[in-house]
Amino acid sequence: MKLEAVELRRIRMSLVAPFETSFGTQQERDILLVKAITDEGEGWGECVAGEEPDYSSEYVEAAQHVLVHHLLPPLLERDSTAAHDVAGALRRIHGHRMAKAAIEMAVLDAELRSKRESFAQFFGAVHTAVDCGVSVGIHRSIPDLLRTVGGYLDQGYRRIKLKIKPGWDLGPVRAVRERFGDVPLQVDANTAYSLADAEHLAQLDPFDLLLIEQPLPEDQVLAHAELAKVVRTPICLDESITSAQAAADAIQLGACKIINIKPGRVGGYLEARLIHDLCAKHRVPVWMGGMLETGLGRAGNVAMAAMPNFKLPGDTSASDRYYHRDITEPFVLVDGRLKVPDGLGLGVKVDVDYLREITTSQQMVQRREGRPVRVAD
Ligand code: SMG
Ligand code: MG
């Protein structure tokens, strides 16, 4: 398959409700979509980088810049590019995994559509629907939080994840346990604590949480192993796991018992699949994370979450958890699950009229006379 051109499109979408984490509040998203145009058809990718470098060092403006100037040119020079060539072709460029993941996803979508295969088939999915959880942001008050959690439980979500930070941890967890009993419950700190907080975090143990996600900064893998000696609640890593190698190291160090897989964070679905397989070999369960994706990213994530070692419900919530109107047909929660798309490639169709309405910019990068050039739209 020959990559002829790539369209980079930015869209703006409002979230149905503000989403507060230990690093800030989001109400609106500036999303970069990538369309791979090949001699065998087109494919879509979604970049999960946020507007600011706060979840990780990546951010949407930088992702677009690195794609245009550093990642797309070497891909557009090639005579033939399959998804499994992308990571190797881009290896000389360090980091920028979310940007790399977006173009690999678009190439994979185009490739599978042309081979008449779905993402689910490609990944070896073993389920036709996946169990879904929901990530609940930091709220202004406990009564507000309980209202939100109650609403999600009424909708059928099979697991609740509470965002925590110093000053918003034991109280909310206790309140949710008291009100909702033994619902599957976990917490996510997004790196907000230090090892000095170990005794404090151990006070979460009596609440029987499924896991505590990324309590310490991402480069403190060894400190997570130390924390695991003090805290009984299983530690799950998110931000720290940037590759299969990082996953292997963390497992060997005893830094985590569970891993959150986000294809964007690790450079793409192919690296994510390696992490899944590695974890299965080590009997480390994984679950699918979320980055507030549109229906495009959700389609790929739900397909991957149907692989056998995805043992816990994912942050793969329904479209209406995020957006009033999605850019694809909406993902709808049925009995706490989302159906795995079975159409070709990602198996969803982009609503091009709506996409046009919410587009803020468009840029084409294309091959011309054997040389990639930038073309303003
Ligand atoms: O997509 O439902 C979702 C969001 C899940 O909490 C979520 N993601 O650290 O796991 C995480 C956060 C990162 C995204 S914050 C914008
Ligand atoms: Mg997380």
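Just so we're clear, the structure is a prediction, and the values are computed from it rather than from any experiment. Indexing begins at 1, ligand by ligand and atom by atom, following the structure's order.
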Check: Glu51 main-chain N/O paired with Asp30 side-chain donor or acceptor under 3.5 Å: no
Is Arg78 close to Leu3 at the side-chain level, that is, under 4.5 Å between some pair of heavy atoms? no
Pick one: which of Asn260, Asn190, Thr191 meets side-chain hydrogen bond (donor to acceptor under 3.5 Å, both in side chains) with Glu239? Asn190
d(Ile275 CD1, Tyr269 OH) to nearest 0.5 Å is 13.0 Å
Which distance, rounded to the nearest 0.5 Å, do you find between the CE of Met304 and the CE of Met288? 5.5 Å
Could you check whether the rings of Tyr152 and Tyr157 sit parallel, tilted or perpendicular, using 30° and 60° as the cut-offs? perpendicular
Heavy-atom closest pair (Leu253 atom, Ala225 atom, distance to 0.1 Å) is O-CB, 3.3 Å
Per the under 4.0 Å non-hydrogen criterion, ligand 1 touches Phe19, Phe23, Gln26, Tyr55, Ser135, Lys161, Lys163, Asp188, Asn190, Glu213, Asp238, Lys262, Gly290, Met291, Leu292, Asp315, Tyr322
The side-chain contact (heavy atoms from CB on, under 4.5 Å) partner of Leu33 among Ile327, Leu8, Val350, Thr359 is Ile327
Passing option when Lys163 is tested against Val136, Asp169, Thr21 for side-chain contact (heavy atoms from CB on, under 4.5 Å): Thr21
Which protein N, O or S atoms sit under 2.8 Å from the Mg ion (ligand 2)? Asp188 OD2, Glu213 OE2, Asp238 OD2
